[in-house]
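These numbers come from the heavy atoms of this one structure, side chains and all, not from hydrogens, waters or symmetry mates.
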Amino acid sequence: MIMQAREEGMKIEEIVRVYHVGRSTIYDLFKLVKETGDIQPRPHQYGRKPSLDEEKLAELRALLDERCDITLAEIIEELEIGISISALSRIIRDKLNYHYKKRQYMPVNGIDRT
């Protein structure tokens, strides 16, 4: 509506008053249209980058499939990645969906029911 009003000859001050937007918003919109030719917002390109990229995740998955008894410290050393043990644990659990089952074949609570 702002772009249409400007094309119809409405002045910036009138647009500010009629549409209740800031002057900087209007100028940002004009700049966006001039640079991209469209009023669609730019894609989201900020924020924290992942600790491990797709290549390192594939290496990690292959390593875990090959050596399932490897420790987290050994993984960090072998893959030469600069993250903490707890961060690596979260990545393995959340992104790769691997879980550690501590006691697979033990009796419940260690009670022998003979």
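The number of heavy-atom neighbours closer than 6.0 Å to CD of Glu74, taken from other residues, nucleotides and ligands shown, is above 12. Other residues, nucleotides and ligands contribute only 12 or fewer heavy atoms inside 6.0 Å of the CD1 atom of Ile39. Annotation for Glu35: atom CD counts as buried by contact number, over 12 foreign heavy atoms lying within 6.0 Å.
Asn97 and Asp94 make their closest contact through OD1-O, 3.9 Å (heavy atoms, listed as atom of the first residue, atom of the second, distance). Residue Ala73 comes nearest to Ile85 through the heavy atom pair CB-CD1, 4.3 Å, listed as atom of the first residue, atom of the second, then distance. Leu57 approaches Lys95 most closely through the heavy-atom pair CD1-CD, 4.3 Å.
For the atom pair Thr71 OG1 and Glu78 CD, the distance stands at 10.0 Å (nearest 0.5 Å). One distance of note links NE2 of His20 with OG1 of Thr25; it measures 13.5 Å at 0.5 Å rounding. Taking CD from Glu8 and CD1 from Ile15, the interatomic distance works out to 9.5 Å, rounded to the nearest 0.5 Å. Between the CG atom of Asp53 and the CD atom of Glu55 there is a distance of 5.5 Å, given to the nearest 0.5 Å. Remark: Ile26 CD1 to Arg6 CZ distance equals 9.0 Å, nearest 0.5 Å. To the nearest 0.5 angstrom, Glu54 atom CD is 12.0 Å from Glu59 atom CD.
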Give the intermediate values and the outcome of side-chain contact (heavy atoms from CB on, under 4.5 Å) for residues Ile75 and Leu64. CA-CA 9 Å; Ile75 292 171; Leu64 289 172; 3.7 Å; yes
Check step by step if side-chain contact (heavy atoms from CB on, under 4.5 Å) holds for Lys34 and Phe30. CA-CA 6 Å; Lys34 184 177 179 181; Phe30 293 159; over 6 Å; no
Test side-chain contact (heavy atoms from CB on, under 4.5 Å) on Leu60 and Ile81; report intermediate values, then the result. CA-CA 10 Å; Leu60 177 59; Ile81 49 180; 5.9 Å; no
Using the rule given for side-chain contact (heavy atoms from CB on, under 4.5 Å), can you reason through Arg67 versus Leu63, listing the C-alpha separation, both sets of side-chain angles and the distance that settles it, and then say yes or no? CA-CA 6 Å; Arg67 296 174 42 200; Leu63 182 64; 4.3 Å; yes
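A search for side chain to side chain donor-acceptor pair (under 3.5 Å) contacts involving Glu80 returns nothing, not counting sequence neighbours.
Two residues are said to be in side-chain contact when any heavy atoms from C-beta on lie closer than 4.5 Å; Arg93 and Tyr98 fail this criterion.
Using a 4.5 Å cut-off between side-chain heavy atoms of Ile, Leu, Val, Met, Phe, Trp and Tyr, with links allowed through other members, Ile91 and Ile70 fall into the same hydrophobic cluster.
Side-chain N or O atoms of Glu14 include one that pairs as donor or acceptor with a backbone N or O of Lys11 at under 3.5 Å. Within the 3.5 Å criterion, the main-chain N or O of Leu32 finds a donor-acceptor partner in the side chain of Thr36.
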